[in-house]
Structure formats: structure tokens, C-alpha cells
Amino acid sequence: MAAQENNVGGPKLTFKQQMGILLPFAWDRILEQIKCVWFVLAYLMLFQILVLGLGIVYSLMIAVGIAITIVGLAFFMEGLRLGLMPLGEILGSTLPRKKLFGVIPCLPASLAFGFILGAFATFAEPAIAVLQAAGSSVRPDQAPLLYTLLNDYSQTLVNCVGAGVGVAVLLGVLRFYKGWSLKPFIVVGVVVLSSFTIYFQSDEILKPVLGLAWDCGAVTTGPVTVPLVLALGIGVCRIVSTGGSSNTGFGVVTLASVFPILAVMLLSLYLKNKDDYYGTASFDETKGNAVLVQYIIDQKKDAVKDTYDEEGKDPLGLTEADYKGFKGKDEPKTVPAAFTEKTENEAGLKKIQEFIADLKGLQPAGNDAPVENFTPEELKQFELDGSLPENYEITFTKPGEGVAVTSAESIILSGAKMKVIKRGDPSPVPPSSAWQFSKGQNTVAGDMKARFSTGFKFFPVDARGALEGALWAIIPLSVILLLFLMVGLGQKPKYMDELVVGIMCAMVGMTLFGLGISIGLTPLGEQLGANIVTAFQGIKPWEFESGIKAPLIDGDAGKIIAIIFAFILGYGATLAEPALNALGATVEKITVGAFKKSLLMQTVALGVGLGIGTGVAKIAFGLELWHLLIPPYLLLIPITLISSEDFVNFGWDSAGVTTGPITVPLVLAMGLGIGAKTGAIDGFGVLALASVGPIMTVLIVGLIVKKKPKKAEEEEDATQTQAEAA
Amino acid sequence: MSEFKTTTDYSLVSIILPKLTGEPVVESLSKNGARHIIQSTSRGSMLNEGGGFLSKMFPPPAPEQELFQLLVPSAKLGDVMQGAVDAGYLNRAGSGAIFAMPCKGEIHHTDAFPILSANGDGGVAMGDTLAADMEAIICIVELGTADEMASAALKAGTSGPTITFGEGGGVRDKIRLLRLTKGPEKEIVIAVVEKGEADKVFAEMARAAKITEPGKGFMYTTPVNRGLINISSSFSAGGAGASLDQIVSTIDELKGGKDWRSNVPAAGNDKSKGGGKTPLLTDLTELVGLFCLVHRDHYPAIYDAILHAGASGVSVVFGTLRDPNASPEAANEEWASVQTSVAPSQLEKVRNAIQDTIKRDGIESACLFSHSINKAATYIPS
């Protein structure tokens, strides 16, 4: 029984022995992630292939991307377990005990730290790119304030959101110290937000901002922030809590989801009062119409723009006089008539037709052959969903040769140009041989290469690459935490090497899964998102050059299919989220195994599925966001009040952890795809609804499984016994 | 300055209560003079009646409990235990448990350790409500194993074991790679059974945990000289007039004993593996369990000292100190109970190593005590 190894160094393991330990362990972890992720992937692929009947475009690239994502997730979760969460917990349990630098008392130091952590986490994991994607189809003249917030004032927006999260974490830490229940915060928060929402709803300018504001709350806390904040809360509560389940360390994530909403709403109120947004007098005048021009230029696909630039033509086909209208400061500020669709004159109409044809990637046929223009109504229909009017057909001609080609391969290889010709017999759907995949130069390898390099980007640009994003997200936070811990509080962690390995694993993991998501999950989501519309409407499938697929079931019944699809997608994607995994594991640890991880994960996934289904219904049927959002939140107030404190804590926190790096690409693409075809202004709202769902389900499950506390029963018995004895 | 004092004739009293019901009991304990109560969170276990797919997807939560432990001199044992029973209504079915494990040999503690002293008048004689002749089965196993062991124990007829989290290690701490690949977290299962059933329950739990395979953990039994176990052992649907435990205990009273119980098949018994072989438990007898209570900050030093001194394994359970004298705003003090099981010949050496570490690091407040181990089971390399 005595130990063979008495020496400190321990037995030296041969390389083979080391691998013997390491490999099964690594395989176990990867298998764990596969278990989380397989459902949503299988579902997406099977749905596209079997139900929609379309092949998967870029399938090789997507398969590679998925494999990378799984490995990345395994590394990331390991990094959380080994490094980030222990670090957060040590820090949390030391802050209330030791004075910062030996001087600053514990409470103010903890609060200050909380604010710094919250604010910094927002900059480290910027969700603004997600929001800009959701708002990419917003037109400045339709929703001026929203457009301004997303584009000109995006940095201010991020700052406000960061401040909001900082205040939230600060309040969360204060709540632990004081032992306050979370319920009052929730009730006050929901009431304030609801009243703001109703006010915003009534104002034309402020109304579009609602979607942005609510989604801001949903996207702030990311896969690095949530585990850190949770671990911090648990550490603090171990020391500070006076017993009772009101202080188990949860609740900060809830606040971090509520305060940004408030911050965005306040910012928009402020800008509105100052009249400082697109289209108003106080808005920077030189920017005014140039904003609209820029918007239109952004809408153009780069290939078309490049072609024009090569030939020396103005990208917009405008004349000097047109530009004069909005380039100079002193010239009269008018938007060229060509850009308003109210124009009556023929020249203007032709310009619009050409311009819109460019947008669709069709080359105007030029002088070779007669081209019939669409009538304005047909044009509008084409613009809306890409469907050809009845008596038009598409043919392909090799450039300069005027010879028709029909086989798909030679179409792609020769870069044949597409023409729209009117003809005698009606045949709206071209034969499938006329369907063409995306632009000739994009082979799978080429696309993979392009996305790989975007994925790995290493210099600061708007959309950060995976490597850069991971570095920014993890290193600064870890450094701050370590500095605070070792320098400020003078506490050295027991196993430093584990922490460092953990942080490096988290970084490698985040890089890999960010990369894998951009190569694998995003294209999959985009195509599913665009193609899901074929469930209820005939459109041109994603990345197909031409051709329209007939809808599964036309109209509303088809939309139901889309909604069911969205529900299952939300359920599956949520099960794969790393932050939810971390939350479930933390809940299991805090309750010493009484609440199993799977209970929380299944319940939350169900709730998110319901929320996303509702979100898609909102987009498909054009419902009002606030009709769908406010009633559930108001209903949650009484449910929260009767629920037990610990379920309130887990439940509201689960709202913050959902919408993460896996769900967002899939869901957003779907929302935008459906929105583009049904004419919705923007893709906002789905994420906010996806956050309400899990709160509902967790609280309801909590009410179902919790029994009446034994204490109450015994007190009743005791008084009864005493009464009898008396 | 940490000089060690020794004293004898103590017991470790453990009280298991449902969550949030501990206050009256803590008050009664402090009235009897206790100043060093360590409180840990734990969970109970239950047989899920009528499982099915829905309960696998949404596993119902286990009952949440709190575990209180304190050292009590024999002279005061009656007072303390009876007081706790009264304050916590522990004689009611489903209300919790209280039991005392006698410490073997001497208790060594530093001056500053607030141990409950034996001074003062002899206390109330122990009432008949507290049964004698029981054994506590304590197991230290990997995460995830505890539930299986608890099911095995329940099916063998005991009331639900209590499970808490702790850390443990031995060989793993010396190999860095093992440390990274497998965390130190362990689950610690505590079940108190009547002496007659102890062997059977021990064997069942050992089989469920496959404890004789390498790396599966360590389990042992230790005598309990007084105890009252009234933990609920089944999950009753809310709203029932009386819980299953109340019904069962009423029948116990009517029938005058527990013998009738063996006639009733335990729920879910049909699914038990009939063909499983009982592991060959080489009885490891005459081990001694050595425990050291220190502040959580110091536990790494004690942990390492124990391993250096030659023990093959060590585990830790964390808890919060409940000092009724402390002000409510004071930060919670976290304490650790570092435990190891050694052969009697090693006992002196390990204890000295711990005491040296305590002196060397200037640890103000610490306490060492030991329990005798009746039987133990673990992987024994052949």
C-alpha cells in the first residue's frame, strides 16, 4: 500500500506513456464536443438535402470547417476548465478578503474591478459586427436613426454598451456583498424596459431602434465573458455570502443583458433630442447625402464595381451634375432624382433599371442583341424575390461569340454572359441545366483560401479574423486578471502552470473554432438561411447564378415549415454553445450535483428553439416586435416572483448565455434570408426573442420540479404537535 | 506560536439537514458551547420512481442538503446531540440525520483552535432515540460515480447516502500530465447503515463503483457509536399528503421494527444486474483514517506534506466555518478537512509530518484527529 514514488519529482514518463495518457484524454474531449454539435449539423445538412432538395454548396469546405470547429471547441472548453474559470474563481474568492495593494478596502476595489471587467469584456468580444450584419439591409432613408447608430456612431454605440455592461457587473458584485435578491432588479428592469419600448414604439424615428436595442442585450456576453463572470461571482459568493441561496454567484449575466438595452435606448433618445442623425439639420452636412451614396455603393457586389472601374466608368453611371448635388458643401443638397423611385421620366427609369440589374449581378447586354426591359412592375417583382416575369427566359452566350451554351460546366468555365430575352411561350422556371453556380472564378479551393485568410486576419480591421479575435478576447482579460491577482492582491495561484496551459488552450480553441465557424458554419447557415425561403416562396437559391426553385408549399403553410425548421435549429444550435455548457457545469458544481447539467441545457435549448421559431414567425408574417416581446417579459414577472431564488438566478442568466458564436451565424443568416424576401426592414428581433424563451422554460421547469421546502412542512407539524401537547 | 495540545475521548459529530433548515440546529450547537462548526453543501440521493424518457432528458434535482461537522467531547455528546435532535426535529421521518464517529486515540490541536472543551458539568444522558451500533461507509470516487453508488446503496435497503464534493489525489499530483488531464475533483459519498447490513451495502457500493479497478477511488467503513438517520430516500410527488418516508416509518412503528421491509421489493430492483459478480474485496483492515482541519489557504501545504510522508492518497473536503461568535458581516472563513488513510505503522510519521508543516508555516489554528477503519477497499496492485 505504500507509495512507490516518494520523491518530489515523481516518476518520469516515457513519451509513449505520455501519449498514452494524453491521446485518450484528447479523444474523450473531442467526442464530448461531437456529442453536442452533431445534432445541429446533421439536421442542417439533412434538411437542405432531403426537405429542400438542394445540394450543399461548398460541401468540402464546410466539412473541413466543421471538423476544425469541433477540435476548436474541445480546446476551448478545456481552456475554460483549466485556466479561465479557476482564475476567475481564485480572483473572486480573494477580492473580498485582501485589500487591493494593501490599502484599498475590499468593497470599492471589488466594485471597481467589476466595472473594468464588464467594460473591457465588451471591447474584447465585440458584438457590434453581429449587429452590423443584422442591420446590413437597413436603408438610411427608411430608418435614419438606426442607420446612423450602426454606421456613423457605431463606436459610440460600443462605448455605451461597454459602459452598460460595466455598470451591470458592478451592480452584480454589489448585490453579492449586500445579499440582495435578484427579483427586485428583474422587476424594475422589465418594467423600465417595457415602458421605454412602448414609448419608442409610438415614435416613427425611434421605432426601428427597438430591434437593435433588444438584440444588443442578447449579444453582449460572449463565450469568454460568461464563464469568467460566473466564476468571479462564485468566488465572491463563497466568501461573502451569509448563507441562503440568494447568493449563489449567478445573476450578473442577467444584469449584463439588461443594462445594454437601456444604454442603447438612452443613447438613441439623446441623439434624437439633439437631432443628430441622418437626414436632420444638425447631422454633419457633408455626410448627409454621401451617406446614401455610400450605402448604395456598399450594396453593389464587388465584382461588378471592379468591372466598371476598369472600364473607367462611374460606378453609379451618374453624371457630373448629379454628383454636384451632394459632393460639395455649398451646392444645393439634393439626392439625384435617379435614386428616388418616384421618378416619372424615361431616362431616370432606364437608369434605375440598369442600376438594379447591376445589383443582381446581371450584366446589361450592351449593344449585341436587343434586350427588352422589364416593366416597372416586373422590375419590382424581380427585385423583391428574383422571380422572372412569365415571358422571359435566360440564355447564356459566350462573350463575343454570340453562341449559345447550355451545359453547366462550360457555362462556368467560359464565364458566359447571361441574357434576359423575351419570348413567345411562357416558361418561368428555366431548365435546371441553366442553373449556374456562383461566379466562375470561385472554385471550392479558391473560396476556401479566401475564407481561410479572412479567418486568420491579423491586423485591426472592422471584421476581426479568428486569430485576432481570439487574441483580443482572451489575452487582455487574462492579463488584467492575473495582474489584479498577483500584483494587486498578492495572491499566487497554486498551480500556475495549469492556468497558463489553460489560457493557451482557450486561445487556440477560440482561434480554431472562430476559423471553423467562418469556413464551415457560416456558409452552411447562409445557404440554409437563404434557401429556407424556398419553403414558401420561389426564389433563386443561394450562390446560384440564375434559376428559380419552386417553393415547397406556397404561401403561409410553407412559412409554417420555415418556423418549425427554425425551432429545431434553435434547439440544436443552443446545445452546442460553449457558454451554455459552462453555465450548466457551474450550476452542477454549485449545487453539488443536485441540479444536473443536462437539466439546464435541455430546458434552455427548448426555450431558445421556441424563441427563434417565434422570431422567424415575426419576420415571415411581418409581426410587430414589441407585440411578441413585451407580453412574455410581463408574464415573467409574476412567475419570477413565485419561483425560488436559485431558479430565478439560473433562469435569467441562461438568457445571457444563449445567442453565442454557434447560434448567431446560423440564426442571423436565416433571419436575414427570410427578411430579405418578405420585405422586412432589418433582421433584428430574432436574437432578443431567443433570449426570452429560455427564461420562460427554465422558470416553469423550476416550478414543476421544486417541492415545497421541508422546513415549512415541519414548522406546521411542530406547531400542531405543540398545540396537541398543550 | 503553535504548540500542540493533546486530548482524548472525542467524537466527530455529523449532522445532515435539508438546505436552509440549519439555523435552529446551529443555534442549539452554539448554546452548548460549540465554536468550530464546519458547514458544507451536499446533496442527497433518491430513487426516481417511474423514470422514463422525460426524466432522462430533464433529470429532477436531487434534494439539497447541508452537512455540519464538529468535534465533541464524550462528556458533552449527549447534550449536543439531543439538543440538535430537538432543534432540527430529527426524530421525524425525512428530516435529516445526526451521527457520531468516535475518534481513536488522541486529538492534537493548536492552542488557537476553538475546540469544544470537555469542561463543565456532565451532560444529559443520551436518550434512547439515538441508535447505537452503526457503521459509516465513506467513499472517495470520481465525479459521476457517486450516483451509481447511491442507487446501489438505496437498492440494498439503506436510506439515501449524502454526497459532497471534494478534491483528492495521490499519484496524480506528481505527474504533471495527469494533473492536466484529470481534475482533482472527487465526490465523497457518506452512508450510515446498521451494523448488520454494513457488509452487504459495502459490497454493493463497491461493485457499483468498481472500486477495485485502478483509479476508481477508495472506500472504507468506520464505526458510529450513536446516530439517528432519518433522511428521505425517495422522491415523492409534490402535494401528496404524506411523503413515502413518513408512511414507511409509520408502518415501522406499527409493525415494531424494520423486518417487514425486506418483504417489499425495492423500486426498480428488477433492473439490477443479477449476474454481476461481487468484487473480491481483500479486506484491508486496521487502517487508520487521519484527519486534519486547517484553514483553506493552508491546505496545499498539508496535502503535500502528507504525500511526502508516504501516504498513497489524500483527499480534502471544504466547508465554511460557522462561528456563532463572529459578526455577521465578517467574510466567511473557508476551512478544509484533509484526510488520508494509512497503516498504523505510518500513522506517527504522517502525523509528525503534518505537525512539522504546521509549525514551519506558522499556521495558527489546526486540529488533527483519527478514526479507526473497520474495512477498506480500493485498487491493490498485485
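Quick caveat, the model's predicted, so the values are computed rather than measured. Reminder, nothing fancy here: chain letters follow the sequence lines and each chain counts from 1.
Of all non-hydrogen atoms in B:Arg43 and A:Ala594, the two that sit nearest each other are CD-N, 3.5 Å.
For a heavy-atom cut-off of 4.5 Å, chain B lies close to A:Glu588, A:Lys589, A:Thr591, A:Val592, A:Gly593 in residues 582-593 of chain A.
Residue A:Phe647 places its CZ atom among more than 12 non-hydrogen atoms of other residues, nucleotides or ligands, all under 6.0 Å distant.
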Residues B:Arg296, A:Arg238; criterion side chain to side chain contact (heavy atoms under 4.5 Å, CB included); working and verdict: CA-CA 12 Å; B:Arg296 185 173 179 149; A:Arg238 259 174 37 199; 3.5 Å; yes
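In terms of heavy-atom pairs under 4.5 angstrom with chain B, the leader among A:Asp497, A:Asp28, A:Leu606 is A:Asp497.
Expressed to the nearest 0.5 Å, how far CD of A:Glu645 lies from CG of B:Leu20 amounts to 11.0 Å.
With a threshold of 4.5 angstrom between heavy atoms, B:Ile163 approaches chain A through N, CA, C or O but not through any side-chain atom.
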